[in-house]
Amino acid sequence: MAENVRLHDPYARPVQQRTADLMGMFVFLGTEIMLFGGLFAAIYVVRGLHPHEVVEASKRLHLFIGAANTAILLTSSLAVAVAVRAARAGRVRLGWMLLLGAALTGLLFLGVKGMEWGMEAEEGLLPFRGVSGSLSGPVDRLFMNLYMIATGLHAIHVSIGVVLLAGLALRIGLGRLQLPERAVVVEVAGLYWHLVDVIWVFLYPALYLIR
Amino acid sequence: MTGIGRLILIWAALLVLLAATVAASAVLHGAASLTASLLIAAIKAGLIFWFFMHLGEEAGLVRVMALGAIAWLGILFALSGADYATRGWW
Amino acid sequence: MTASLAPWITEASAHAAEIDRLALAFSLLIAALSVPVFLLLVVFAIRYRRGRKVDRRHAPDRNVWLETSWALIPFLLILIFYVWSTSSYIDLYEPPDDALEINLVAKQWMWKVQHPGGQREIDELHVPAGTPVRLNMASQDVIHSLYVPALRLKRDVVPGRYTSLWFTADRPGTYRLTCAEFCGTDHSTMGGRLVVMRPADYARWLAESDLDPSLAEQGAQLFRTLGCSGCHGSGSTVHAPPLDGLYGSPVPLDDGRVITADDRYIRDSILLPQSEIAAGYPRIMPTFRNLLDEEQVMKLVAYIKSLRRQGWKDGP
Amino acid sequence: MTATTATERASYLGAGHTLRSWLFTTDHKRIAILYMISVTLFFFVGGAAAALVRADLLTPEGDLLSNEGYNRAFTLHGVIMVWFFLIPSIPNTFGNFLLPLMIGARDLAFPRLNLISWYIYMLGGLFTLVVLITGGVDTGWTFYTPLSSMFANGNVVLVAVAVFIVGFSSILTGLNFIVTVHKLRAPGMTWGRLRLFVWSHYATSIILVLATPVLSIALVLIAAERLFGLGVFDPALGGDPLLFQHLFWFYSHPAVYIMVLPAMGVVSELVAATARKPVFGYWFVAGSSMAIAIIGFLVWGHHMFVAGQSMYASAVFSFLSIVVAVPSAIKVYNWTATLYKGHIALDPPFFFAAGFIGLFVLGGLTGLILAMLAIDVHLHDTYFVVAHFHYIMVGGTVSAYFGALHFWWPKISGRIYPRLWGTLSAVFIFLGFNLTFFPQFILGYLGMPRRYHSYDPAFQVLHIMSTTGASILAVAYVMPFAYLFWSLRYGRPAGPNPWGVTGLEWTVASPPPKHNFYPPPVVSEGPYDGYEVEMKGSKHG
Ligand code: HEA
Ligand code: HEA
Ligand code: CUA
Ligand SMILES: [Cu+2]
């Protein structure tokens, strides 16, 4: 790759700097996996302790909205993956457009999610808005609370990702980020976005598809 | 800029798997449903890791880093699962 | 010093004596493993201190066999203790069938004891010497831990489930009973006495204590006042399972599993009726979670237990 | 006052004297100093809480504090000592300072992240101080549910936030170290040439990165439980209180190795340096660090033997706890063997290292007693446990921290401190420590439960001994600060290698220049090879 990369402080060689950035991101993703891992442990323990109530509760969620959202997120992941290729090839315009597109699909995901939460709140499934009239027992409520925490934490990650991608698109579009020299920045942000996607891929069946 | 065709193919495969997991949930119940959904999610994650995240291209070490956390999660699940599974056996 | 350590440390059971033997033997092993290190540190520091003329030729910088052996030999030695202590621990989970069952409810910051005959006491536990006693324990609020140092035993009392502890105290006397799990402001005052009595004295004590109706009778009363009998009673029109002979028998559930109706199952049937549904019955039983405290649940369980078939024995 | 020397002006210390030049620095050495100051501060805050605890325990009735006050005192003592002192103590100060020097790098992989990590630490610390001022918490450092989630009346959410934040700082440090060790080794610095200090920090970083997030999520769940009745840990909603214990100990047991592995790294260096000899069995010692980091994740259930965990799971955890002791055994015996035929310099670093080994062995072996199921049923949650972990954490790690301070002080500050004073404080710390905590083993075996504000008068004698020891200990801990500060002004300049030992950090000036090395070093020998040459050359002393 390009040899005219600007090196920052502790680095002596471009490859060293690039792989260090990537490795840092992968280690960080490891911590994210552990973070959500604890949450999954909680979900599966509750499911194991109360198989029936959890199935009943899970049936109350909007399975197809969740599926649609999964598709949306997968699509934005595709956009990012292609954007990384573009960045490496120095295709500046394609690069920033794809990143912007990915950020917008991420926004769409958040919008759909928000709408879904609204519906669920309306149906009295979520922990806010006073008493939730429509839940039959404490375990259902527990499950919905977990659902709220898990999707909420995930949504926070998506929001961070949206800001990250949009910011990158802007910087590339304005020529503040040189491509392909600094393609690693796009790669690193992409890694984060893909992981947020992977987490959703596991959250979706863990919450919506319990039968 | 090569390999975009392949990325799109992967994306299509992911969508098919998504449909599969939804369908499986309609048919299967209990442990079978759990196994199917986890299996499909694992395949999807594998595809994303390998192709979208270019793990296939990285040096061995970076792969270990990414997979390490998953192995460690395995420890959490296996040993706390051992407790839950065998509680009240005596 | 007037205060005596006896209520804490006397070996009040054969198990306590065994733990002391185990701990003593392990301490000797600790000494064997650590004293050489201490001695060599001192000896080397003196012998090889800088400036002293001694033979330092052929100083080794590795020796795989040596290193492997000092990793493995202590490990194998400790494995002996592992087997010993684990088997002793497993015994703690296997109460004899004929153990005397006493219920115990922990709450911030007291212990409430219910004897099967209906006698109750607070922060005191009277038991007969030489008889296996099994405590069925539940907590009303946070985690507590019943600890009797003289028995070398403790077990956490966890809200939301039953835990149990059994022992045979064979030396009459009065011992300390404390709470070992931090449970809030007055944790350190949540204690009391374990009184081990000769069986005859225990019988007298039981007779002299003010008698409530037995636990099962109180449970029977609750069973009526709470409306359980409306569904489970013989004349009921609701399709609900009869509870006679239920305790200890296998129950087929509607998800295909078959489980034994033990204390936990009955407790959960009352508090979480939706989680395990008896096969062939509608899921209409309401939860009594918010209506009952742990003591009342224990009474109901005692009543349902009293309906067990004759000849069936407690325990696995 | 000795005038500042030319080396000092050219060093990292001379690279700016404004507050700004410190607060916005990205130099790992300066950040190490920032950490050193803040960590020491928290040590004294935590120590003051310990002083309250010990003073209160002088009388059976606990006349100094109320029940509530006592509970808050030991909770804050535990929280501050664990997360704000011991976990960051060695890695963030000496690790930060020395890691790049030892591998021949100019800095850590992500210098700005390093600074951010300090700010995050300070933010977490700020929250803790707010908690302290607004009355504290009374859950114990273990935050067991449902006490913490439903019943405790302190500021649990605020403490959870504080620990959550400081966890982030740990994660960033661990990440930085991992990438640094992988990517920034000087030419020729192969894995087999890494110093043992570096190996142990690498192992520590793995734990930091993989365990801390699980604590974070457990804290989030507790906060959610308190704020809107989430219910995962609440049996009344169908949750399971033991789930919290699993999540907490999945972090906290590995975390005890976060606290001890860096100390082991320090001791490996001190032993080699004071004996002027390569560490006996380099690969065994390096490998045992990695083994501890990995096996350490498999034993957390030994904190739950009487908690209602499955009997079978307990048996497995007990066995694995014995396995995890094996690599520690290797270290201890290898250090001892290193001294054999050495040229042992009886300087302060040696006394601290020897103190570490002795106290760690006792602490570790009593840990094995606790790992024995049937015995733990008796000893769980008694002072025996308190004694066990103070032997390792205070007798072990804090001694190693002071040992590191005495060994690298000339490098960090460029000045020599009076050796006699160093030796004296090592001896006082050792004696005071044993007087404080040995009686607690006895107390525990006699059945004195921990976290008790008032106790049976029968125990008073032992408690008085313990408190007396703690007073000696407090003085002994303050002593070094006096003569170390003194040395800053009046100490002789140290020169690059005052101890005459090997190692890259001793090849540069003291204090080290801003950019560490010029030109970048090229490594061609093993970590302790210099000594071998010296040894072969001399048959006698
Ligand atoms: C730095 C901190 C640290 C370290 C390193 C350790 C190390 C170990 N700990 Fe400890 N422990 C704590 C801090 C630590 N612990 C804390 C804070 C608690 C209480 C938490 C709370 O409840 O608040 C605790 C509690 C605790 C318990 C639970 C007690 C209870 O609450 O009932 C147990 C039980 O197994 C245990 C075991 C061990 C073991 C087996 C090791 C081993 O790693 C020790 C290995 C070391 C050696 C064995 C010594 C050297 C070896 C030799 C001299 C050679 C011979 C030996 C063999 C080959 C076997 N610890
Ligand atoms: C991690 C490190 C760490 C360190 C370094 C220490 C250091 C000390 N600890 Fe602590 N301790 C813990 C971790 C640590 N502890 C933990 C995790 C717990 C469990 C908490 C829980 O149950 O939740 C605990 C619990 C604990 C207890 C049990 C409380 C109980 O269960 O009721 C006791 C009792 O003696 C104690 C004592 C001490 C003492 C005397 C020191 C001494 O070494 C401290 C010496 C230092 C100083 C004394 C400071 C120096 C001098 C000054 C500060 C001068 C100024 C003084 C004043 C203004 C008074 N500790
Ligand atoms: Cu009840 Cu402590
Ligand atoms: Cu542990």
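These numbers come from the heavy atoms of this one structure, side chains and all, not from hydrogens, waters or symmetry mates. Order of the sequence lines fixes the chain letters, A, B, ..., with proteins taken first and strands second; residue numbering starts at 1 for each chain.
Between the side chain of Asp83(B) and the backbone N or O of Gln309(D), no donor-acceptor pair lies under 3.5 Å.
Within 6.0 Å of the CZ atom in Phe168(D), the count of heavy atoms belonging to other residues, nucleotides or ligands does not exceed 12.
Between the OH atom in Tyr251(D) and the CG atom in Leu76(B) there is a gap of 15.0 Å [rounded to 0.5 Å]. In this structure, CD1 on Ile206(D) lies 6.0 Å from CH2 on Trp72(B), to the nearest 0.5 angstrom.
If you tally non-hydrogen atom pairs under 4.5 Å between each of Leu79(B), Leu73(B), Ile75(B) and chain D, the highest count goes to Leu79(B).
With a 4.5 Å cut-off on side-chain heavy atoms, Asp240(D) and Tyr84(B) count as touching.
Near-neighbour residues of residues 295-307 of chain D relative to chain B, defined by a heavy atom under 4.5 Å from a heavy atom of that chain, comprise Phe297(D), Leu298(D), Trp300(D).
Within the 4.5 angstrom heavy-atom criterion, atoms from both the backbone and the side chain of Leu242(D) approach chain B.
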